[in-house]
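It should be emphasised that the depicted structure is a prediction, and the values quoted were computed from it without experimental measurement. Lettering follows sequence order; numbering is per chain, from 1.
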There are 2 protein chains.
Amino acid sequence: MGMGRPREFDAEMALDQAMEVFWRHGYEGATIAQLTEAMGINPPSLYACFGNKEGLLKAALDRYTKLRGIWIDEVVAAPTAREVAERMLMGIADKQTDPANPPGCLLVQGGIACGTGSENVPFELAARRAQNEDQLRERFVRAKAEGDLKESADPAALARYVSAVSVGMGVMASSGADREALRQVADVAVQAVEAQSADKA
Amino acid sequence: MGMGRPREFDAEMALDQAMEVFWRHGYEGATIAQLTEAMGINPPSLYACFGNKEGLLKAALDRYTKLRGIWIDEVVAAPTAREVAERMLMGIADKQTDPANPPGCLLVQGGIACGTGSENVPFELAARRAQNEDQLRERFVRAKAEGDLKESADPAALARYVSAVSVGMGVMASSGADREALRQVADVAVQAVEAQSADKA
DNA sequence: CCAGATATGTAGTGTTCACTACAGATGTGG
DNA sequence: CCACATCTGTAGTGAACACTACATATCTGG
């Protein structure tokens with residue numbers, strides 16, 4: 001039995017283009033026509049490869065969070081909780097204002113609220129954000145065990161806090177905040193983590 | 001010349017219902033059918049009163065920000081920058097998880113990214129968020145002048161920071177975070193403002 | 001070179017969307 | 001009571017949407 005005609009486009013490169021469209025217009029705001037044009041393919045190819053619009057979004061999110069997860073692994077390799085927060089938030093400030101990408105964060109821009117029929121898109125994004133938060137929380141748990149964070153510190157609350165600031169910065173970036181403005185936010189935000197850190201000996 | 005047949009519905013009550021629909025589904029996710037049903041009117045009444053869908057959104061935003069502005073006036077009446085931040089963020093935690101309203105904040109849920117033809121909706125929301133940030137910044141300017149904030153403190157950066165945390169909490173609330181989780185975030189966030197406060201004598 | 005399998009491009013499908021034409025209802029001023 | 005103005009409900013309008021039927025093209029295995 002033959003294996004059929006081979007695909008004529010590169011799925012990952014097409015995903016990168018789709019990602020950008022979702023990033024810029026959100027899930028509902030992105031149309032199949034825009035997506036197929038950006039991906040350089042026709043609708044039947046899209047549906048054969050990704051099932052439907054939501055399947056394409058999930059594939060794009062997988063790609064996005066995979067790259068992001070690798071970066072966060074580097075972030076949490078920082079020696080202290082304070083430096084983890086600083087690397088994280090300063091990195092976010094830079095990434096979210098990188099002219100190579102649309103401003104903000106796909107996990108926010110993708111869709112915070114959706115209409116009937118797309119209700120689980122916001123949940124899908126929230127689940128991916130929660131993954132990042134988990135990575136941070138585990139790192140802060142370790143920091144507390146190492147005596148790097150105060151005994152009174154709550155690693156889960158700290159992780160939620162850093163995650164919330166990241167999201168807020170993303171929204172600001174998408175509405176025009178420049179890199180310097182975001183760095184100032186990050187700079188202030190880090191001080192809350194510093195306040196939870198054990199005093200230097 | 002006669003004045004014509006009088007309107008049979010209350011515009012403000014109808015706006016409250018429309019606000020809730022936009023809040024829950026976002027601008028693009030909200031349909032005219034949902035809006036008119038919630039408002040208890042038919043499409044021609046909506047268009048006669050508000051012009052079009054975007055006009056209705058703006059009217060709903062006006063109503064939302066008016067109430068919110070009054071609340072922020074109370075918040076910035078707190079005696080110190082630290083207490084302003086605490087009242088603000090704790091109040092946000094409570095408001096965004098108030099079961100009387102959809103979770104989160106209309107100025108975020110309304111639409112962070114939109115499709116072609118609605119590009120200025122995100123700008124409209126961003127402008128309203130900026131108003132709140134301005135109120136905070138002015139308060140922090142005063143706090144610095146009063147010696148309540150350190151000489152090294154940047155009131156604009158602090159206001160942006162509190163605003164960013166508020167937005168981040170709103171996104172978390174809309175994706176299911178409960179009140180206690182948001183209060184923990186607020187609690188950590190306030191400590192950054194405290195770190196910018198002048199030492200107590 | 002043929003049969004089976006999968007991809008592609010053209011050209012649609014039905015549905016849903018924001019919005020409105022129109023006729024009738026209900027008010028005001030003369 | 002009449003001319004006029006504005007609102008209301010019914011019933012649509014054209015456009016845009018996500019998605020697909022179908023014929024054709026390009027591969028593999030025999």
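Of the possible polar contacts, one joining the B:Q34 side chain to the B:T31 backbone as a donor-acceptor pair under 3.5 Å is found.
Between A:S45 and C:dT8 there is a side-chain polar atom (N or O) within less than 4.0 angstrom of OP1 or OP2.
Look at CE on B:M3: it is 13 Å from P on C:dG30, rounded to the nearest Å. Atom-to-atom, CG of A:L35 to P of D:dC17 comes out at 11 Å; the value is rounded to the nearest Å. C:dA7 atom P lies 13 Å from atom CG of A:L46, rounded to whole Å. Atom-to-atom, CE of A:M39 to C1' of C:dA7 comes out at 14 Å; the value is rounded to the nearest Å.
B:Y47 pairs by the ring-ring contact (aromatic ring centres under 6.0 Å, His included) definition with nothing, not counting sequence neighbours.
Closest to the side chain of A:F9, out of C:dG27, C:dT8, D:dT8, is C:dT8.
Considering only heavy atoms from C-beta on, B:M39 comes within 4.5 Å of B:L56 through its side chain.
The local environment of CZ in A:F123 is sparse, with at most 12 non-hydrogen atoms from other residues, nucleotides or ligands closer than 6.0 Å.
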Between the protein and nucleotides 18-25 of chain C, which nitrogen or oxygen pairs are less than 3.5 angstrom apart?
unit_1: C:dA18; atom_1: OP1; unit_2: B:A30; atom_2: O; d: 3.1
unit_1: C:dA18; atom_1: OP1; unit_2: B:K53; atom_2: NZ; d: 2.9
unit_1: C:dA18; atom_1: OP2; unit_2: B:I32; atom_2: N; d: 2.8
unit_1: C:dC19; atom_1: OP2; unit_2: B:Y47; atom_2: OH; d: 3.0
unit_1: C:dC19; atom_1: OP2; unit_2: B:K53; atom_2: N; d: 3.0
unit_1: C:dC19; atom_1: O5'; unit_2: B:Y47; atom_2: OH; d: 3.4
unit_1: C:dA25; atom_1: N3; unit_2: B:R5; atom_2: NH1; d: 3.1

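With no hydrogens or angles considered, no side-chain donor-acceptor pair links B:Q196 and B:D154 at under 3.5 Å.
Closest-nucleotide positions on DNA chain C for B:E8 and A:N42 were compared, and the one nearer the 5' end corresponds to A:N42.
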With a cut-off of 3.5 Å and sequence neighbours excluded, list every side-chain donor-acceptor pair involving residues 142-149 of chain B.
unit_1: B:R142; atom_1: NE; unit_2: B:E146; atom_2: OE2; d: 3.0
unit_1: B:K144; atom_1: NZ; unit_2: B:E151; atom_2: O; d: 3.2
unit_1: B:K144; atom_1: NZ; unit_2: B:A153; atom_2: O; d: 2.9
unit_1: B:D148; atom_1: OD2; unit_2: B:A81; atom_2: N; d: 2.6

